[in-house]
Amino acid sequence: AQKVTQAQTEISVVEKEDVTLDCVYETRDTTYYLFWYKQPPSGELVFLIRRNSFDEQNEISGRYSWNFQKSTSSFNFTITASQVVDSAVYFCALRERSGGYQKVTFGTGTKLQVIP
Amino acid sequence: DTEVTQTPKHLVMGMTNKKSLKCEQHMGHRAMYWYKQKAKKPPELMFVYSYEKLSINESVPSRFSPECPNSSLLNLHLHALQPEDSALYLCASSQELAGPYNEQFFGPGTRLTVL
């Protein structure tokens with residue numbers, strides 16, 4: 001069974017600090033997909049990134065960066081120089097490639113509060 | 001256009017009412033999803049449509065009835081709901097049901113309150 005763990009329930013940082021959100025996953029599949037979503041108070045889940053299991057290259061997009069470590073089954077998300085607008089709940093998710101339909105398993109989410 | 005729209009934004013209904021939630025996407029996606037999200041919890045999958053046909057029903061009670069009139073529209077018909085059904089209902093779409101590029105794009109959700 002697939003599983004996604006986000007051990008940090010809530011994090012508070014002061015604006016301009018860097019913050020890393022942890023995500024650890026479990027899967028038996030050799031091919032799978034990892035995602036990060038942002039959910040601001042308005043409710044909409046905003047897609048941030050998809051990472052395929054066969055691509056361990058880390059990615060940077062502006063102030064966001066993602067560190068995929070297959071050896072430790074982790075897919076961590078770092079926000080550099082955090083801003084108040086980054087305040088949201090962040091979900092890590094896993095999609096295995098097994099069979100026709102691949103259900104997405106979400107972690108329990110990490111609530112990030114950026115204090116001005 | 002990478003947008004999924006949902007109406008209404010908020011809905012309050014009694015347990016005897018019949019109402020519908022609507023979802024629309026114009027990205028040419030062939031898979032559409034309904035999720036239910038309770039406060040401080042991750043989204044829970046309810047239904048999946050692929051090419052306008054119901055592919056997955058995650059053992060959802062029959063008081064929730066999905067409908068996919070065409071490839072761009074997804075409805076969720078509600079009847080005889082219970083107060084515990086109060087939640088945020090999220091619609092999502094993806095290019096296909098299976099395959100490597102299947103990130104789901106979510107709508108803003110409908111916040112449902114059942115009195």
Side-chain angles (χ1 to χ4, degrees), chain A residues 2-11 21 23 25 29-55 59 61 66 75 88-113, chain B residues 2-11 21 23 25 27 29-51 53-59 87-112:
Chain A
Q2 56 183 8
K3 185 178 173 182
V4 178
T5 301
Q6 294 180 256
Q8 304 150 308
T9 308
E10 290 192 37
I11 302 175
L21 309 183
C23 174
Y25 61 92
D29 271 16
T30 55
T31 301
Y32 50 89
Y33 308 94
L34 295 161
F35 308 87
W36 275 97
Y37 285 89
K38 172 183 179 180
Q39 189 172 39
S42 59
E44 180 176 355
L45 272 160
V46 178
F47 166 72
L48 296 178
I49 190 172
R50 179 197 70 246
R51 174 60 67 221
N52 307 330
S53 56
F54 46 85
D55 179 6
E59 185 157 336
S61 176
W66 291 270
F75 186 41
V89 178
Y90 291 85
F91 290 98
C92 179
L94 166 69
R95 186 172 207 162
E96 291 178 320
R97 185 182 180 181
S98 52
Y101 172 62
Q102 307 140 21
K103 183 176 175 179
V104 174
T105 298
F106 287 87
T108 50
T110 296
K111 183 177 181 180
L112 173 65
Q113 185 178 18
Chain B
T2 57
E3 192 180 48
V4 177
T5 59
Q6 288 186 246
T7 55
K9 197 174 174 67
H10 299 275
L11 178 62
L21 309 185
C23 173
Q25 58 87 13
M27 295 179 277
H29 288 176
R30 304 319 300 258
M32 296 186 76
Y33 310 76
W34 279 115
Y35 285 86
K36 173 183 177 180
Q37 187 179 23
K38 301 285 273 184
K40 298 187 179 182
K41 297 288 186 184
E44 296 175 22
L45 183 67
M46 300 175 71
F47 302 104
V48 181
Y49 273 82
S50 178
Y51 287 85
K53 293 200 183 316
L54 183 64
S55 294
I56 302 288
N57 176 341
E58 291 282 314
S59 303
L88 180 68
Y89 287 84
L90 292 161
C91 173
S93 70
S94 64
Q95 263 186 22
E96 299 277 352
L97 193 59
Y101 303 106
N102 283 297
E103 52 271 29
Q104 294 176 24
F105 293 90
F106 285 81
T110 293
R111 203 164 291 277
L112 173 68

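Naming convention: chains lettered A, B, ... in sequence-line order (proteins, then strands); numbering from 1 in each chain.
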* Based on non-hydrogen pairs under 4.5 Å, which of A:Ala93, A:Gly107, A:Ser42 is most in contact with chain B? ->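 Going by pairs under 4.5 Å, I would pick A:Gly107.
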* Taking only residues two or more places apart in sequence, or in another chain, which ones meet A:Glu59 in a salt bridge (charged side-chain N to carboxylate O under 4.0 Å, His left out)? ->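 Only A:Arg51 meet the salt bridge (charged side-chain N to carboxylate O under 4.0 Å, His left out) criterion with A:Glu59.
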* To do: Report the residues that fulfil ring pair (Phe, Tyr, Trp, His ring centres under 6.0 Å) with B:Tyr89, sequence neighbours left out, ordered by chain and then residue number.
  =>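 So B:Tyr89 forms a ring pair (Phe, Tyr, Trp, His ring centres under 6.0 Å) with B:Phe64.
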* **Geometric class of the A:Phe91/A:Phe106 ring pair [parallel <30°, tilted 30-60°, perpendicular >60°]** =>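 The arrangement is perpendicular - the two ring planes meet at more than 60°.
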* Asked: Tell me, side chain or backbone of B:Gln37 under 4.5 Å from chain A's heavy atoms, or both, or neither?
  ->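 Answer is side chain: those atoms of B:Gln37 sit under 4.5 Å from chain A.
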* Checking heavy atoms, do the side chain of B:Gln6, its backbone, both or neither come under 4.5 Å from chain A? ->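 Neither; nothing under 4.5 Å.
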* Using a cut-off of 6.0 Å, state whether more than 12 heavy atoms not belonging to A:Lys111 lie near its atom NZ. =>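 Open.
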